[in-house]
Amino acid sequence: MEQVKWYKSNKKAHDVITGELVNAVIAYYKKEMPTDQTKLYQAEGYYYIKTTNPNGVFAYFPNIEFKESDKPARKQLSPL
């Protein structure tokens with residue numbers, strides 16, 4: 001199994017974008033294996049994705065870019 005990596009969005013958290021991202025992750029999960037570990041979070045005013053399949057999941061986010069990042073502090077993480 002691939003290593004879990006963290007990715008940070010290039011856009012700040014916003015209510016409209018949050019809805020789009022949540023819907024995209026739901027669509028992604030409908031097509032991917034149930035063992036996938038992709039999770040969407042908000043921290044420090046940005047979106048973070050924890051995933052083992054970045055190429056697969058990023059195809060569902062055409063309007064937002066994610067770059068590899070360090071894991072944010074646990075106290076900052078808020079799952080979406």
Side-chain angles (χ1 to χ4, degrees):
M1 179 169 247
E2 291 186 43
Q3 182 181 359
V4 175
K5 292 185 179 178
W6 286 84
Y7 298 87
K8 180 181 177 181
S9 69
N10 65 337
K11 294 184 180 180
K12 290 212 171 237
H14 185 277
D15 289 342
V16 173
I17 296 173
T18 299
E20 291 174 8
L21 287 175
V22 169
N23 289 337
V25 169
I26 290 170
Y28 169 75
Y29 265 115
K30 287 180 181 178
K31 294 186 178 182
E32 297 301 319
M33 297 175 52
T35 58
D36 187 275
Q37 298 179 30
T38 298
K39 302 274 191 278
L40 180 62
Y41 296 90
Q42 188 174 332
E44 303 165 352
Y46 290 91
Y47 298 106
Y48 284 82
I49 290 183
K50 175 179 82 170
T51 187
T52 56
N53 183 10
N55 294 331
V57 74
F58 294 153
Y60 289 84
F61 307 130
N63 300 327
I64 191 166
E65 185 179 325
F66 286 84
K67 297 206 181 217
E68 194 169 337
S69 171
D70 292 329
K71 179 182 177 182
R74 183 178 296 273
K75 67 181 180 178
Q76 300 290 330
L77 283 175
S78 179
L80 297 177

Checklist entry - Hey, is CG on Asp70 packed in by over 12 heavy atoms from elsewhere, all under 6.0 Å? => result no

Checklist entry - If every non-hydrogen atom of Lys50 is compared with every non-hydrogen atom of Trp6, which pair is closest and at what distance? => result CD-CZ2, 3.5 Å

Next on the checklist: For the residue pair Thr38 / Tyr29, report whether a side-chain donor-acceptor contact shorter than 3.5 Å exists.
Outcome noted: no

Next on the checklist: With rounding to the nearest 0.5 angstrom, report the CG to CG distance, Leu40 to Leu21.
Outcome noted: 5.5 Å

Checklist entry - Should we say atom NZ of Lys5 is surrounded by more than 12 heavy atoms from elsewhere, each under 6.0 Å from it? => result no

Checklist entry - CD/Gln3 to OG1/Thr52 distance, rounded to the nearest 0.5 angstrom? => result 10.5 Å

Checklist entry - Under 3.5 Å, is there a donor-acceptor pair linking the side chains of Asn53 and Tyr28? => result yes

Checklist entry - Does Tyr46 share a hydrophobic cluster with Leu80, counting links as ILVMFWY side-chain heavy atoms below 4.5 Å and allowing steps through other members? => result no

Next on the checklist: Whether Lys8 engages the ring of Tyr48 as a cation-pi pair (distance to the six-membered ring centre under 6.0 angstrom, angle to the ring normal within 45°) should be assessed.
Outcome noted: no

Checklist outcome for this item: Here the pair of heavy atoms bringing Asn63 nearest to Lys11 is O-NZ, 2.7 Å

Checklist entry - Which distance, rounded to the nearest 0.5 Å, do you find between the OH of Tyr60 and the CD1 of Ile26? => result 12.5 Å

Next on the checklist: Please evaluate residues Tyr47 and Thr18 with respect to the criterion side-chain hydrogen bond (donor to acceptor under 3.5 Å, both in side chains), reporting the C-alpha separation (whole Å), side-chain torsions for both, the decisive distance (0.1 Å), and the verdict.
Outcome noted: CA-CA 8 Å; Tyr47 298 106; Thr18 299; 2.5 Å; yes

Next on the checklist: Is there a continuous path of hydrophobic side-chain contacts, each under 4.5 Å between heavy atoms, that joins Phe58 to Ile64?
Outcome noted: yes

Checklist entry - When rounded to the nearest 0.5 angstrom, what is the spacing between NZ in Lys71 and CD in Gln76? => result 12.5 Å

Item to check | Tyr7 and Val57, any side-chain heavy atoms less than 4.5 Å apart | outcome: no

Next on the checklist: To the closest 0.5 Å, what do you measure between CD (Gln42) and OG (Ser9)?
Outcome noted: 9.0 Å

Checklist entry - Does some side-chain heavy atom of Thr51 sit less than 4.5 Å from a side-chain heavy atom of Val4? => result no

